[in-house]
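Every chain is numbered from 1, with letters handed out A, B, ... down the list of sequences. Basis for what follows: all heavy atoms, side chains included, without hydrogens, waters or symmetry-related copies.
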Number of protein chains: 2
Amino acid sequence: MSNDPVSPSTRPATIHDVARESGFAASTVSRALSNPGRVNAQTREKIVAIARALNYTPNTQARALTSGQTGSIAVLVSDITNPFYFGLIRGTQQQLKAANYLQMLVDTAESSDSEAATIDSLRRSADGAILTASRLSDQQLLALAERMPLVAINRHVPGIPAVIIDTPFGIDQALDHLASLGHRRITYVSGPDMSWSNERRWQRLEKTAQKLGVHPVRTREYAPSMASGAAAAEAMINSESTACVVFNDLIAIGMLERFRERGVRVPEDISVVGCDDIFGADFCNPPLTTLTAPIERAGRMAVSMLLSRLEAGADAPPPPPMLLPTHLTVRKSTGPAREH
Amino acid sequence: MSNDPVSPSTRPATIHDVARESGFAASTVSRALSNPGRVNAQTREKIVAIARALNYTPNTQARALTSGQTGSIAVLVSDITNPFYFGLIRGTQQQLKAANYLQMLVDTAESSDSEAATIDSLRRSADGAILTASRLSDQQLLALAERMPLVAINRHVPGIPAVIIDTPFGIDQALDHLASLGHRRITYVSGPDMSWSNERRWQRLEKTAQKLGVHPVRTREYAPSMASGAAAAEAMINSESTACVVFNDLIAIGMLERFRERGVRVPEDISVVGCDDIFGADFCNPPLTTLTAPIERAGRMAVSMLLSRLEAGADAPPPPPMLLPTHLTVRKSTGPAREH
DNA sequence: CAATTTTTGGCAAACGGTTGCTGAAAGTTT
DNA sequence: AAACTTTCAGCAACCGTTTGCCAAAAATTG
């Protein structure tokens with residue numbers, strides 16, 4: 001091949017260049033490229049050939065202006081620091097790429113005011129948004145959903161399409177597991193009070209524990225970071241529980257570290273169950289027994305849901321929330337309860 | 001407050017709505033909002049007030065059409081599966097957000113053909129791009145750089161602005177460390193042959209090892225994943241080296257796992273040094289001695305570099321590559337060489 | 001107070017596409 | 001062969017901004 005795959009550094013060819021070169025009108029070129037049935041096969045062929053030769057790429061901005069379609073989806077995460085989101089982002093990225101959409105990654109780390117404002121400014125640049133762990137109120141969320149197609153992850157608000165990882169379902173398995181190992185007093189190491197998932201997990205734990213004749217205890221809230229695992233570990237040491245279920249793996253792994261520093265053996269002295277099965281849960285020390293969540297799959301589902309919603313139009317009835325099951329993955333951080 | 005922060009579900013206000021409401025022309029509104037000096041202070045105030053009341057958000061697409069500025073930057077990663085990139089993405093995200101840019105995250109997982117094509121289609125939707133571990137040839141990269149502002153990470157091509165994590169510098173420290181522990185034969189566990197960083201690391205290791213009177217050995221290439229760590233570990237076991245420096249932490253952690261399964265003790269039998277210090281390197285078992293790279297900082301730097309390049313204009317001379325130092329973080333995976 | 005300069009706001013033409021409408025050409029039916 | 005239908009391509013308006021140019025108004029100067 002003598003000619004470069006990359007043309008000289010002139011400005012990109014427009015639809016008008018293709019029109020001039022081919023002798024057809026711009027409108028015909030437009031239709032030839034995006035509305036195949038609307039134009040003679042021969043004409044289309046000719047136009048397509050010329051477009052390719054000119055290395056023509058439609059300008060997404062301009063297209064968005066009339067069609068209203070931007071070809072990109074915003075993915076909002078509340079804290080890009082949390083590895084849980086990595087799986088999610090990976091999932092959304094895969095699916096978006098497959099559907100030829102672009103992913104706009106946005107970190108909303110701030111107050112809910114800024115979150116609403118951010119989304120609002122995005123409304124023009126994205127065809128829809130995927131919200132993970134949104135801090136918006138139900139009303140804010142609903143108001144937003146009227147203005148822009150939305151899918152929420154791990155958040156249930158009636159009327160808003162959602163993908164929900166059914167960790168409570170896994171909680172039952174975790175409690176069965178712990179109860180059968182002889183644990184009679186189990187602490188739930190709580191995540192942020194504002195977190196919807198956190199509340200759900202605790203409620204399920206409380207209920208199921210009572211059924212199993214196990215005594216449930218709840219800690220104060222801890223930020224979802226490894227660092228706060230240290231404090232949580234101390235709290236566990238001072239408690240009388242022999243096992244804990246932790247809001248997420250990040251805190252759990254932090255606790256493991258602290259336990260080792262303090263000479264507390266896991267699982268001989270204390271059993272630990274995490275939630276999510278993030279990257280690292282399998283190779284930490286000891287490997288963490290955890291509720292494996294299909295994180296990537298959740299990301300992919302959310303995208304599919306959003307995309308099919310875009311096709312269906314906003315007036316279509318919102319689909320029911322999609323529940324993704326979790327399962328307990330037993331590793332080395334759980335064992336028989338210690339004797340008193 | 002009686003009125004919602006979110007207006008009713010009508011379509012968003014345009015500049016014309018603001019114009020009509022305020023009695024000024026659209027052009028004046030435009031100038032009032034984006035070209036402060038060009039308009040009377042009072043008029044501006046009035047317009048700003050009305051714009052706010054109408055909850056007006058400029059349409060980025062339309063703006064991009066005339067101004068040529070999209071307000072977003074593309075970040076290309078070759079494999080979003082690799083946690084190394086998370087740090088990077090986090091860094092770019094932070095800096096972009098601070099500068100009020102949007103991040104378009106793109107996974108180029110494929111052949112270099114598709115990479116070039118992807119970037120080309122992005123040219124219209126982004127003001128610039130950050131390339132991490134690009135598989136493009138030097139020429140392709142240079143051609144691309146003519147058409148769109150670029151910053152490369154960990155890739156040096158003369159004429160292309162770059163941020164380079166100076167791992168080779170750290171390699172020296174690692175070798176000093178290992179040599180002083182009595183290791184006399186050190187294996188470099190190689191990453192992908194095509195990787196620029198991989199080549200640099202090996203060359204430095206080879207050179208420095210010889211200076212220190214240590215015998216350097218190089219393995220075949222391994223894919224940068226935990227899974228390939230198993231094979232790499234086997235290779236180490238069958239070799240006569242007592243220590244290894246591994247292309248990256250991902251492989252290294254995979255090796256650690258395998259060593260444990262095989263009953264090989266780290267660091268008693270074999271010492272392992274990783275590269276990058278990714279999430280997890282501190283809590284794996286044993287915690288990994290590694291070359292800590294300022295990953296997030298690299299992301300931030302790349303963004304700053306790109307942004308200042310956008311301001312300076314493409315004709316400004318390309319800045320020299322920015323070298324970011326690494327340092328050895330000693331944890332528990334390295335120890336005295338075993339006796340023969 | 002006339003002449004000149006500076007401010008300030010409006011008109012209209014882009015930017016690069018899409019799309020409703022129109023009419024010519026071609027094909028079909030009687 | 002006339003009447004009717006379908007296919008196909010072009011015209012022109014429009015999407016929401018920005019910006020060059022112009023003129024009215026205001027401020028400055030002589």
Side-chain angles (χ1 to χ4, degrees), chain A residues 10-48 50-51 54-72 120-127 147-148, chain B residues 10-48 50-51 54-72 102 120-127 147:
Chain A
T10 66
R11 39 188 268 306
T14 75
I15 204 171
H16 294 105
D17 297 328
V18 179
R20 186 169 1 86
E21 203 71 15
S22 66
F24 291 98
S27 50
T28 306
V29 175
S30 171
R31 278 188 271 257
L33 296 173
S34 51
N35 203 345
R38 203 52 192 75
V39 87
N40 189 326
Q42 290 184 21
T43 325
R44 184 175 66 248
E45 246 174 66
K46 213 178 292 181
I47 290 181
V48 168
I50 296 202
L54 257 47
N55 193 12
Y56 167 69
T57 321
N59 181 326
T60 29
Q61 321 290 335
R63 178 177 286 176
L65 208 47
T66 42
S67 71
Q69 307 266 338
T70 65
S72 58
D120 225 47
S121 75
L122 246 44
R123 182 155 58 128
R124 314 293 275 273
S125 342
D127 294 343
R147 325 165 90 221
M148 169 177 223
Chain B
T10 67
R11 38 189 268 310
T14 74
I15 205 171
H16 293 106
D17 297 327
V18 180
R20 185 168 3 85
E21 204 71 14
S22 66
F24 291 99
S27 50
T28 307
V29 175
S30 170
R31 278 188 273 256
L33 296 174
S34 50
N35 202 346
R38 192 60 186 66
V39 87
N40 189 326
Q42 291 184 19
T43 346
R44 184 174 68 246
E45 246 174 67
K46 214 177 292 181
I47 290 181
V48 167
I50 296 204
L54 257 47
N55 194 12
Y56 166 70
T57 322
N59 180 325
T60 30
Q61 321 289 335
R63 176 176 289 177
L65 207 48
T66 41
S67 71
Q69 307 267 338
T70 65
S72 59
L102 249 32
D120 226 47
S121 75
L122 244 46
R123 184 156 56 129
R124 315 291 275 272
S125 342
D127 294 343
R147 322 166 91 219

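In this structure, A:Q61 places its CD atom 13 Å from P of D:dT18, rounding to the nearest Å. The CG atom of A:L33 sits 16 Å away from the P atom of D:dC8 (whole-angstrom rounding). Taking atom NE2 of B:H16 as the reference point, atom P of D:dC14 lies 12 Å away to the nearest angstrom. To the nearest angstrom, P of D:dT18 lies 5 Å from CZ of B:R63. When rounded to the nearest whole Å, the span between OH of B:Y56 and C1' of D:dT18 equals 10 Å. One can place CG of B:L65 at 17 Å from P of D:dC14, the figure rounded to the nearest angstrom. Rounded to whole angstrom, the span from the CG atom of A:N40 across to the P atom of D:dT6 amounts to 18 Å. Distance CZ (B:R38) to C1' (D:dC22): 11 Å, rounded to an integer number of Å.
When the nearest nucleotides of DNA chain C are assigned to A:A62 and A:S67 by heavy-atom distance, the more 5′-ward of the two goes with A:A62. Along DNA chain D, the nucleotide closest to A:T43 and the one closest to B:P58 are compared, and the more 5′ of them pairs with A:T43.
No donor-acceptor pair closer than 3.5 Å links the side chain of A:Q69 to the backbone N or O of A:D127. Remark: the backbone N or O of B:S125 is paired with a side-chain donor or acceptor of B:T70 at under 3.5 angstrom. Judged by distance alone, the side chain of B:S30 and the main-chain N or O of B:A26 form no donor-acceptor pair under 3.5 Å. Judged by distance alone, with hydrogens and angles left aside, the side-chain atoms of B:S34 form no donor-acceptor pair with the main-chain N or O of B:R31 at under 3.5 Å.
A sub-4.0 Å separation between OP1 or OP2 of D:dT17 and a side-chain N or O of A:R124 is present.
Residues B:P12 and B:T57 form no side-chain contact, since every pair of their non-hydrogen atoms from C-beta on lies 4.5 Å or further apart.
Note that the OG1 atom of A:T60 and the CG atom of B:L65 stand 10.0 Å from one another [nearest 0.5 Å]. Atom OG1 in B:T28 sits 13.0 Å away from atom CZ in B:R44 (nearest 0.5 Å). Here the straight-line distance linking atom OG of B:S72 with atom CG of B:L122 works out to 8.0 Å at 0.5 Å rounding.
Put simply, chain B comes within 4.0 Å of DNA chain C, heavy atom to any atom, from C:dT8 to C:dG17, going 5' to 3'.
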Open item on the list: Could you go through B:F24 and B:V39, starting from their C-alpha distance and side-chain angles, then the distance that decides it, and tell me whether this counts as side-chain contact (heavy atoms from CB on, under 4.5 Å)?
Closed with: CA-CA 11 Å; B:F24 291 99; B:V39 87; over 6 Å; no
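DNA chain C lies under 4.0 Å from at least one heavy atom of each of the following residues of residues 17-30 of chain A: A:S27, A:S30.
Here A:T60 lies out of heavy-atom contact (under 4.0 Å) with every strand.
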